[in-house]
Amino acid sequence: QVQLLESGGGLVQAGGSLRLSCAASGRTFSSYAMGWFRQAPGKEREFVAGINLSGDSTYYADSVKGRFTISRDNAKNTMYLQMNSLKPEDTAVYYCAANVRTRGGYYPRDYDYWGQGTQVTVSS
């Protein structure tokens, strides 16, 4: 079992920055891949970024590449999403997710555990 808790969401103006955190507990943190997803009202949940077990391999959705950075600190059992140059279209509930079966993935079905989500609102 893995428990995940996101924090760091909020309201920010376009062009601003936020850093999301995801604190994990339960299973050994360094034993599973992680990812960030987001879901805007009326839209499907979409992949944002993924990271491997050790944190030395990351991958991103094209829409956030160059603006967002995913990272993890295995000593602190925490994953992060640094979001810069935010746009109104980044407004969504952001979820962290854990993949304990494979090395990661781009789809919600690839992930086994989810946090409750944190709201990010970017005003224009």
Side-chain angles (χ1 to χ4, degrees):
Q1 289 284 347
V2 175
Q3 294 79 42
L4 302 172
L5 182 64
E6 303 95 336
S7 61
L11 174 64
V12 64
Q13 289 189 332
S17 299
L18 280 175
R19 188 175 84 153
L20 305 183
S21 298
C22 174
S25 60
R27 188 166 172 160
T28 302
F29 185 64
S30 58
S31 69
Y32 51 86
M34 298 284 293
W36 286 100
F37 286 76
R38 66 187 182 187
Q39 188 167 18
K43 294 188 177 181
E44 293 186 352
R45 192 168 297 191
E46 66 173 2
F47 172 78
V48 174
I51 190 166
N52 70 343
L53 281 66
S54 62
D56 60 0
S57 177
T58 59
Y59 48 105
Y60 299 89
D62 287 343
S63 59
V64 307
K65 201 171 294 183
R67 300 188 298 122
F68 291 10
T69 303
I70 188 172
S71 62
R72 65 190 295 165
D73 185 337
N74 287 348
K76 295 183 177 179
N77 293 348
T78 303
M79 177 179 67
Y80 305 96
L81 185 68
Q82 178 66 43
M83 304 186 295
N84 298 330
S85 302
L86 282 161
K87 305 175 181 180
E89 51 263 45
D90 294 318
T91 295
V93 177
Y94 283 70
Y95 298 89
C96 66
N99 179 324
V100 301
R101 295 173 287 116
T102 67
R103 296 179 181 271
Y106 292 87
Y107 303 99
R109 64 175 180 264
D110 296 326
Y111 292 79
D112 308 289
Y113 299 95
W114 295 84
Q116 86 293 344
T118 186
Q119 177 70 48
V120 171
T121 302
V122 184
S123 62
S124 57

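Everything numeric in this text was worked out from a predicted model, so none of it was measured.
Here the closest non-hydrogen pair linking L4 and Q116 is O-OE1, 3.9 Å. Nearest heavy-atom pair across F29 and A24 is CD1-CB, 3.5 Å. Nearest heavy atom pair, residue A14 against residue S124, reads CB-CA, 4.4 Å. What you find for A40 and A92 is that their closest heavy atoms are N-CB, 3.9 Å. Considering all non-hydrogen atoms of both residues, W36 and I70 come closest at CD1-CD1, 3.5 Å. Heavy atoms only, all atoms of each residue included: A97 and Y111 are closest at CB-CD2, 3.6 Å.
At least one donor-acceptor pair under 3.5 Å links the side chain of D112 to the backbone N or O of V100. Q13 places no side-chain N or O within donor-acceptor distance of the main-chain N or O of S123, the cut-off being under 3.5 Å. Side-chain atoms of R72 come within 3.5 Å of backbone atoms of N52 as a donor-acceptor pair (strictly under, hydrogens ignored). Counting only distance, with no hydrogens or angles, the side chain of T91 and the backbone of V122 share a donor-acceptor pair below 3.5 Å.
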Notebook entry, point to check: Under the side-chain contact (heavy atoms from CB on, under 4.5 Å) criterion, do T121 and V12 qualify, and how do the steps go?
Noted result: CA-CA 6 Å; T121 302; V12 64; over 6 Å; no
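In the hydrophobic clustering of ILVMFWY residues, with side-chain heavy atoms under 4.5 Å counting as a link, V64 and M79 come out together. One hydrophobic cluster holds both V2 and L20 under the rule that ILVMFWY side chains link at heavy-atom gaps under 4.5 Å. No continuous path of hydrophobic side-chain contacts links W114 to V48 [ILVMFWY only; heavy atoms under 4.5 Å]. Clustering ILVMFWY residues whenever any of their side-chain heavy atoms sit less than 4.5 angstrom apart, transitively, puts Y80 in a cluster other than the one holding I51. Cluster membership for Y60 and F37, using ILVMFWY side-chain heavy atoms within less than 4.5 angstrom, is not shared.
How far CD of Q1 is from CZ of R27: 10.0 Å, rounded to the nearest 0.5 Å. Summarising the geometry, atom CG belonging to L18 is positioned 8.5 Å from atom CD belonging to Q82; distances are rounded to the nearest 0.5 Å. Separating the CG atom in N74 from the CE atom in M34 is a distance of 10.0 Å, to the nearest 0.5 Å. Rounding to the nearest 0.5 Å gives a distance of 8.0 Å between CG of L53 and CZ of R103.
Here the side chains of N84 and S17 are in contact, with some heavy-atom distance below 4.5 Å. Using a 4.5 Å cut-off on side-chain heavy atoms (C-beta onward), Q3 and L5 make no contact.
The list of ring-ring contact (aromatic ring centres under 6.0 Å, His included) pairs with a residue in residues 85-110, not counting sequence neighbours, reads F47-Y106, Y59-Y106. Sequence neighbours left out, the pairs with a member in residues 21-107 that pass disulfide (SG to SG under 2.5 Å) are C22-C96.
Remark: N77 engages no residue in a side chain to side chain donor-acceptor pair (under 3.5 Å) (not counting sequence neighbours). Every side chain to side chain contact (heavy atoms under 4.5 Å, CB included) that S7 has, sequence neighbours left out, goes to S21. D73 is linked by a side chain to side chain donor-acceptor pair (under 3.5 Å) to nothing, counting only residues two or more places apart in sequence or in another chain. Among residues two or more places apart in sequence or in another chain, the side chain to side chain donor-acceptor pair (under 3.5 Å) test is passed with D90 by R38, R67.
Aromatic ring centres of Y113 and Y32: separated by at least 6.0 Å.
The 12-atom threshold is exceeded at CZ of R101, counting heavy atoms of other residues, nucleotides or ligands nearer than 6.0 Å.
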